[in-house]
Amino acid sequence: MKREELKEHGLSEEQINFVMAQNGKDVNALNDKINGLTSERDGLQKQIDDRDEQLTTLKKSAKDNEELQSQIKQLQDENKTAKQNYQDQLAKQNKSFKIEGALRDAKAKNIKTVLPLIDTEKVSVNDDGSLNGLSEQLDAVKKDNSFLFETDQPKPNVTLSNKFSDSDNNNSGDGLVDRIAQRMQEANE
């Protein structure tokens, strides 16, 4: 979102500052979330690497003991499973972030309201990061629930004034009001 775009839409400088401040809050919150998740991911990856290294060292030092070897093998298998589960969780989270971004791009008024209408199991993330299977669902949701999305239609420009015109003789003023008052006066006589 750029200031120039907002100016082109006729917003005042005060309105632009407010919109940019609100957008900044949203962007900062998302950046904080991304940074937190990235550091959590890096920390967990380091823990897995440390465990694998410890198991390798332990395996080398305990070559004679078969029971210890089987325990080490079991721990290695558990670590592989944990690593795979972690990678699956990251992929699912990445897909969720991409779907939410696509809904934002589609101008959904409330992402949490639109998201349950999308079958996320049918959506997949391609190697290039694009989503496959979302556009068809999104089009169907827009068709059935268009009120959940902002439209690009310009808002009508309505000008209110306190001037009335009499369409019969194009006199400006309160001709209609005058005629009603005249009829009421005649009815009272």
Side-chain angles (χ1 to χ4, degrees), residues 1-52 55 74-160:
M1 182 178 314
K2 296 182 180 178
R3 288 182 175 276
E4 294 80 30
E5 293 172 350
L6 296 174
K7 273 188 180 175
E8 288 174 7
H9 282 75
L11 295 176
S12 69
E13 193 64 34
E14 183 180 326
Q15 291 171 326
I16 291 172
N17 289 337
F18 176 76
V19 169
M20 294 304 286
Q22 293 301 320
N23 185 48
K25 287 179 187 177
D26 292 341
V27 169
N28 288 340
L30 291 173
N31 283 338
D32 290 345
K33 191 174 188 179
I34 289 170
N35 291 337
L37 292 172
T38 301
S39 64
E40 182 181 339
R41 178 203 64 200
D42 293 345
L44 292 173
Q45 185 64 41
K46 177 149 178 42
Q47 286 178 7
I48 290 172
D49 292 342
D50 290 346
R51 280 195 215 131
D52 287 344
L55 289 173
Q74 179 184 355
L75 289 173
Q76 285 175 329
D77 292 341
E78 288 174 5
N79 278 347
K80 285 180 186 176
T81 303
K83 187 174 185 177
Q84 184 60 44
N85 289 342
Y86 176 69
Q87 288 174 343
D88 292 344
Q89 182 182 4
L90 279 178
K92 184 177 178 182
Q93 194 173 33
N94 183 34
K95 179 169 100 172
S96 175
F97 285 153
K98 288 191 180 294
I99 290 172
E100 288 177 13
L103 291 177
R104 232 179 264 105
D105 292 343
K107 297 185 180 180
K109 290 181 181 177
N110 186 336
I111 293 171
K112 291 181 181 179
T113 305
V114 177
L115 197 56
L117 302 174
I118 303 291
D119 185 0
T120 57
E121 296 299 318
K122 292 182 179 177
V123 178
S124 61
V125 179
N126 296 328
D127 292 337
D128 64 355
S130 62
L131 293 171
N132 189 22
L134 179 66
S135 60
E136 301 84 13
Q137 292 186 58
L138 197 53
D139 290 341
V141 171
K142 279 184 177 180
K143 182 179 177 187
D144 295 340
N145 303 289
S146 61
F147 62 91
L148 293 173
F149 297 88
E150 294 177 14
T151 60
D152 290 334
Q153 296 175 351
K155 295 186 179 175
N157 187 10
V158 177
T159 305
L160 299 178

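We count residues from 1, following the sequence as given.
- Contact of the Asn17 side chain with the Arg3 side chain is registered, since non-hydrogen atoms from C-beta on lie closer than 4.5 Å.
- Note that NZ of Lys142 is 10.5 Å distant from OG1 of Thr151, once rounded to the nearest 0.5 Å.
- In this structure a side-chain-to-backbone donor-acceptor pair under 3.5 Å is missing from Ser146 to Lys143.
- No donor-acceptor pair under 3.5 Å is formed between the side chain of Tyr86 and the backbone N or O of Gln45.
- Scored by the side-chain hydrogen bond (donor to acceptor under 3.5 Å, both in side chains) test, Glu78 finds Gln74 as partners (sequence neighbours excluded).
- Put simply, the side chain of Ile99 does not reach to within 4.5 Å of the side chain of Ile111, judged on heavy atoms.
- Although no hydrogens or angles enter the test, the distance criterion places a donor-acceptor pair under 3.5 Å between the side chain of Gln15 and the main chain of Ser12.
- Distance check: Leu115 CG to Thr120 OG1 gives 7.0 Å after rounding to the nearest 0.5 Å.
- For Gln22, the CD atom sits in a packed shell: over 12 heavy atoms of surrounding residues, nucleotides or ligands are nearer than 6.0 Å.
- With values rounded to the nearest 0.5 angstrom, Lys7 atom NZ is found 11.0 Å from Leu11 atom CG.
- The heavy-atom pair separating Val114 from Ala108 by the smallest distance is CG2-CB, 3.9 Å.
- To the nearest 0.5 angstrom, Thr113 atom OG1 is 10.0 Å from Phe149 atom CZ.
- Using a 4.0 Å cut-off between a side-chain N of Lys or Arg and a carboxylate O of Asp or Glu, Glu136 and Lys122 do not qualify as a salt bridge.
- Considering NE2 of His9 and CD of Glu4, their distance stands at 13.0 Å, rounded to 0.5 Å.
- The CD atom of Gln47 lies 12.0 Å from the CG atom of Asp52; values are rounded to the nearest 0.5 Å.
- A donor-acceptor contact shorter than 3.5 Å links the side chain of Asp119 to the backbone of Glu121.
- No donor-acceptor pair under 3.5 Å is formed between the side chain of Lys95 and the backbone N or O of Ser124.
- Here the side chains of Leu37 and Arg41 are not in contact, with every heavy-atom distance at 4.5 Å or above.
- Side-chain contact between Lys33 and Phe97 is present, with at least one heavy-atom pair separated by less than 4.5 Å.
- For the pair Asp88 and Lys92, the salt-bridge criterion is not met [side-chain N within less than 4.0 Å of a carboxylate O].
- Contact check for Thr38 versus Asp42: side-chain heavy atoms found under the 4.5 Å cut-off.
- With Thr81 contributing its side chain and Asp77 its backbone, the two residues share a donor-acceptor pair below 3.5 Å.
- Annotation: side chain of Leu134 is in contact with side chain of Ile118 (closest heavy-atom distance under 4.5 Å).
- Asp128 CG: more than 12 foreign heavy atoms inside a 6.0 Å radius.
- A donor-acceptor contact shorter than 3.5 Å is absent between the side chain of Asn94 and the backbone of Leu90.
- Between Arg51 and Asn79, the closest side-chain pair of non-hydrogen atoms falls below 4.5 Å.
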Item to complete: With side-chain contact (heavy atoms from CB on, under 4.5 Å) as the test, would you mind laying out the steps for Val19 and Leu6 before giving the verdict?
Response: CA-CA 9 Å; Val19 169; Leu6 296 174; 3.8 Å; yes

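- Side-chain contact between Lys98 and Val123 is absent, with no heavy-atom pair separated by less than 4.5 Å.
- The backbone N or O of Phe147 lies less than 3.5 Å from no partner atom in the side chain of Asn145, so there is not a single donor-acceptor pair.
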